[in-house]
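Sequential numbering from 1 along the given sequence is applied to the chain's residues.
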Amino acid sequence: MKKENLLQFGWLILRVGIGISIFLHGFPKITGGTEMWTAIGGSMGVFGINFAPTFWGFLAAVAESVGGLLFALGLFFRPAAIMLTGTMIVALATHLAAGDDFMRFGHALDLLIVFAASILIGAGKYSFDAKFLPKIA
């Protein structure tokens with residue numbers, strides 16, 4: 001197998017694994033309803049945004065659940081990676097504002113790095129974007 005194919009296959013494994021993981025993390029949030037969304041959306045208070053917590057929580061739940069699936073599939077990949085990056089920025093800021101140590105905020109930081117880098121990398125050769133939307137891949 002050529003080096004480029006190995007690289008692309010490795011990226012496929014990473015993309016699918018992380019995408020499914022974040023989907024599983026977000027699924028209970030999207031199905032949790034307005035009470036869950038309001039609690040999650042309250043995190044925007046870290047940025048001084050104290051209005052519409054249900055709306056913000058719903059966006060975070062969609063980013064993690066739908067965005068996680070899109071990330072895994074490599075479909076509308078960069079928009080999904082941007083949404084997930086934003087969600088991880090809020091998660092990281094919330095942990096830091098609470099004074100959490102690295103063991104608490106490390107996961108959000110790790111995913112922030114992965115999603116931010118993914119915006120630059122793109123979905124890769126083995127993705128729905130590459131197959132059906134090559135102009136955005």
**Item:** From CA spacing to verdict: side-chain contact (heavy atoms from CB on, under 4.5 Å), Thr85, Leu112
**Value:** CA-CA 5 Å; Thr85 298; Leu112 171 58; 3.6 Å; yes
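- Note that the OG1 atom of Thr87 and the CZ atom of Phe115 stand 8.5 Å from one another [nearest 0.5 Å].
- Between Asn5 and Lys125 the shortest heavy-atom distance is OD1-NZ, 2.9 Å.
- Scanning for side chain to side chain contact (heavy atoms under 4.5 Å, CB included) contacts around Phe51 gives Ile49, Trp56, with sequence neighbours left out.
- Cluster annotation: Ile119 is not connected to Val114 through the hydrophobic network of ILVMFWY side chains, with a link wherever side-chain heavy atoms come within less than 4.5 Å.
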**Request:** I would like to know whether Thr54 and Thr34 meet side chain to side chain donor-acceptor pair (under 3.5 Å); could you show each step before the answer?
**Result:** CA-CA 6 Å; Thr54 306; Thr34 57; over 6 Å; no
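- Ile20 and Leu111 are assigned to two separate hydrophobic clusters, defined by single-linkage of ILVMFWY side chains at heavy-atom distances under 4.5 Å.
- For Tyr126, the ring-ring contact (aromatic ring centres under 6.0 Å, His included) test picks out no residue, with sequence neighbours left out.
- Screening residues 29-50 for salt bridge (Lys or Arg N to Asp or Glu O under 4.0 Å) gives Lys29-Glu64 as the qualifying pairs, with residues at least two apart or on separate chains.
- Annotation: side chain of Asp129 is in contact with side chain of Leu75 (closest heavy-atom distance under 4.5 Å).
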**Message:** Checking Ile22 against Leu69 for the side-chain contact (heavy atoms from CB on, under 4.5 Å) test, could you report, in this order, the C-alpha distance in whole Å, the side-chain angles of both residues, the deciding distance, and whether it holds?
**Reply:** CA-CA 8 Å; Ile22 199 71; Leu69 286 178; over 6 Å; no
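- Note on Leu24 and Leu70: same hydrophobic cluster, where clusters join Ile, Leu, Val, Met, Phe, Trp and Tyr whose side-chain heavy atoms are under 4.5 Å apart, directly or indirectly.
- Here the side chains of Val90 and Val46 are not in contact, with every heavy-atom distance at 4.5 Å or above.
- In this structure Leu14 satisfies the side chain to side chain contact (heavy atoms under 4.5 Å, CB included) test together with Trp11, Ile18, sequence neighbours excluded.
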**Request:** Could you please spell out the steps behind the side-chain contact (heavy atoms from CB on, under 4.5 Å) verdict for Phe102 and Leu109?
**Result:** CA-CA 9 Å; Phe102 182 78; Leu109 177 60; 4.1 Å; yes
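- Looking at Met44 and Asn50, their side chains never come closer than 4.5 Å, going by heavy atoms from C-beta outward.
- Residue pairs satisfying the ring-ring contact (aromatic ring centres under 6.0 Å, His included) criterion with at least one member in residues 76-95, sequence neighbours excluded, are listed as follows: Phe71-Phe77.
- Side-chain heavy atoms closer than 4.5 Å link hydrophobic residues (I, L, V, M, F, W, Y) into clusters, and following such links, even through other members, never connects Trp37 to Met83.
- More than 12 heavy atoms of other residues, nucleotides or ligands sit less than 6.0 Å from atom CZ of Phe47.
- Every side chain to side chain contact (heavy atoms under 4.5 Å, CB included) that Ile30 has, sequence neighbours left out, goes to Phe27, Phe58, Ala61, Val62, Ser65.
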